[in-house]
2 protein chains.
Amino acid sequence: MDRTHFENGIEEVRMLPSFDDEHGGVIVEMEVPMDPNDFGVILRCSISKWKLQGKKGVWIKLPIELVNLVEAAVKEGFLYHHAEPHYLMLVYWIPETFSTIPANASHRLRIGAIVLNDNRELVVVQEKQGSFRGTGIWKIPTGIVEEGEDIFLGARREVKEETGIDTEFVDVLAFRQVHNTFFGKSDLFFLCMLRPLSFDIHKQDSEIEAAKWMPIAEYEAQPFAQKHYIYKYAAHLCLAKVDGVCTGFVPLPVASSFNDETSYLYVNNKDLSL
Amino acid sequence: MDRTHFENGIEEVRMLPSFDDEHGGVIVEMEVPMDPNDFGVILRCSISKWKLQGKKGVWIKLPIELVNLVEAAVKEGFLYHHAEPHYLMLVYWIPETFSTIPANASHRLRIGAIVLNDNRELVVVQEKQGSFRGTGIWKIPTGIVEEGEDIFLGARREVKEETGIDTEFVDVLAFRQVHNTFFGKSDLFFLCMLRPLSFDIHKQDSEIEAAKWMPIAEYEAQPFAQKHYIYKYAAHLCLAKVDGVCTGFVPLPVASSFNDETSYLYVNNKDLSL
C-alpha cells in the first residue's frame, strides 16, 4: 500500500495520476504496473476526492500489459467505453445527473472506386477472398478507409494497391449506409469517381486474382451488377458522368473547428460560389 | 477442472462452447461464470483443437460480469478488438498468414439540420452545453446519429427533440470528415436540409437554452458563421437551395447485400433515371 502515515494517526492515500479533460472530467492513463488490490484502494479514494472536486466523467486507459487491473476498475463501478488491440478504456460517471459520456465510434468507412478512361472503360478486379471469391465476377476496386485517413485518399490508395494505377480524385457520386454489418456496427460505403493518371495494370498478388480495363457496358451487363444495386448504380452514375452531368460531391479543404488539422468538406461545388 | 478421465489414462479436456463465423473462424460467447484458471486451461486446449481444424480468427465475447476472465484470455495471446459498455470482445489470430481480422469502427456520425420555412427563415438554437454554451451564438440544430440509426432519421429526430418541429427530409447538402475528434477516432458531419411540417417551437429544456426562427441573412451575418466554414457553407448552400439549384444527395431505399434490412443510398437522383 502506498499510504503516508502522519503522526496524528490520520493516513492519506495517494491519488492516481490524472489530468483534466475539457468536459469537467479526469483522465487516468496507467502506465506503471501496480498491485490490483492497491489499485482498487487508491482508485476508490481518488473517486471520493474527484467527487468532492465536482468532477464528472472519470476515464481510465489501461494498456493490455496492465490487464490485471481491469477487474479492480469494474469492481469500483467502471464500465467499458471502447477498446483497441493494445488498450482498454473504462469510464465512470460520478454525478447524479444525466451522463454526457460521448458515444463510441459506430461506423466503418468503405470506398468503391470507379476509375474511368477515355474509352469508356472501367478498372475492374476479381478478388481472391471474401464473398466474391471464385465467382468470376468483375467488380470495381473496394476497400476499407483506414483510421485517420481521408475518404478521397483512401480511394486513391486502394486503387493503387490493388491495380498499380495512379489516380486523381474527382468526386463522391453516392454513399450508402448499411447497419449490422459487423458486431452491431454499421458501414458507410462511398462510391467514388477517379481519373486515371497511369494505365498499365500491376495487380496486387495477395488479394487480387485478376485486374483489367472493361467497357462500362460489359461491366453493367454482368448479371451480378443487375442484382446488386450499388454496382448497378455505379454503372448508371458512371454513364451520367461521361455524358457531362455533374452529380457528385468534391472534397474541399477547410479549417477544422475541432483542431488544427485541415479537414475536408465534400460538397457539390458547381452550385456554390466559394 | 472440467476433465473427463478415461480408463486408458487419456484425459480429454472440454472445449469452450463456440460457433463458426462466416470467415473460417469461431466465436465464443461466454455467459456462465467460470474459474479463471479453469478458463485458461480450457481455452488453451480449445485453441489447439481449433488450430488442428484449420480455424483462423477466434473471438471471445465477455460480458462485463465475467471481467475476471479477461486476464486469462490475454495471457493466452488474445488482443482486445472492441468494447461496448457491458462487454469486451477479444480476438486471437491462429494462422501464420496475414490476419484478416476486420478493422474496428472508426467514425462517429453527426448531423446538422437546416430547417427552412417559406419566409427564408431557419430554425436556430442556443445550446446549454458544449463549446457554444453562454456565447449567445445561434446555430442550426446538431447531434449524434445513434448506433443503427439512418442519417436522415437521425436528422429528423434531433430537430424534433431540440425544437419540437416535425420535418420531412430533403437531402444531404454536404458532409465533412474530421480526424482526431475523440480518442483518435473521426467525425463525419452531415449537413442536411429538411422541410418543416409544423412551425411552433417547443424547445428541449435539458440541452437547449433557446430556439427560434431566424432569417438566413441574419444567421449568416453572425461573426461566428463567418469564421466557422461549415456554418458559413450552411448558409451558402441554403441560399443556393432556395434559388432552386439542387445540390444534394437524396436517400433512396435499396436492398442490402449484407443482410435482409433495407439500406439507404444517398445520391443526386435528379441526374439518375432510376
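Since the model is a prediction, treat every value here as computed from it, not as a measurement. In the text below, chain A, chain B and the rest are named by the order of the sequence lines, each starting its count at 1.
- The candidate from A/Leu79, A/Ile64, A/Ile144 with the greatest count of non-hydrogen atom pairs under 4.5 Å with chain B is A/Ile64.
- When each of A/Leu90, A/Asn68, A/Val145 is checked for heavy-atom pairs under 4.5 Å with chain B, A/Asn68 comes out on top.
- Nearest heavy atom pair, residue B/Arg176 against residue A/Ser263, reads CD-OG, 3.6 Å.
- Evaluation of the side-chain hydrogen bond (donor to acceptor under 3.5 Å, both in side chains) test over residues 81-95 of chain A, restricted to residues two or more places apart or in two chains, returns A/His82-A/Tyr87, A/Glu84-B/Asn104, A/Glu84-B/Lys185.
- The minimum heavy-atom distance between B/Ile151 and A/Gln177, with the atom names listed, is N-OE1, 3.0 Å.
- In this structure, chain A has no heavy atom under 4.5 Å from any part of B/Glu22.
- Annotation for B/Leu88 and A/Ala83: closest pair CD1-CB, 4.1 Å, computed over non-hydrogen atoms.
- The salt bridge (charged side-chain N to carboxylate O under 4.0 Å, His left out) test applied to A/Glu146 returns A/Arg157, not counting sequence neighbours.
- Of the listed residues (A/Ala103, A/Gly148, A/Ser186), the one with the most heavy-atom contacts under 4.5 Å to chain B is A/Gly148.
- Only the side chain of B/Phe182 comes within contact range of chain A, judged by heavy atoms closer than 4.5 Å.
- Closest approach of A/Leu109 to B/Leu188, counting heavy atoms only: CD2-CD1, 3.8 Å.
- Taking the six-membered ring wherever Trp is involved, the centroid distance between the rings of A/Tyr80 and B/Tyr80 does not fall below 6.0 Å.
- Scanning residues 69-76 of chain B against chain A with a 4.5 Å heavy-atom cutoff picks out B/Val70, B/Glu71, B/Val74, ordered by number.
- For chain B, the nearby parts of A/Phe183 are the backbone and the side chain; heavy atoms of each come within less than 4.5 Å.
- Contacts of B/Val91 with chain A are absent, with no heavy-atom separation under 4.5 Å from either backbone or side chain.
- Minimum interatomic distance between B/Ser106 and A/Glu147 (heavy atoms only, all atoms of both residues): CB-OE1, 3.7 Å.
- For residues 95-102 of chain A, the interface with chain B (any heavy-atom pair closer than 4.5 Å) comprises A/Thr100, A/Pro102, sorted by residue number.
- Between B/Phe175 and A/Phe190, a ring centre-to-centre spacing shorter than 6.0 Å is recorded.
- Across every non-hydrogen atom of A/Phe249 and B/Leu173, the tightest pair is CZ-O, 3.5 Å.
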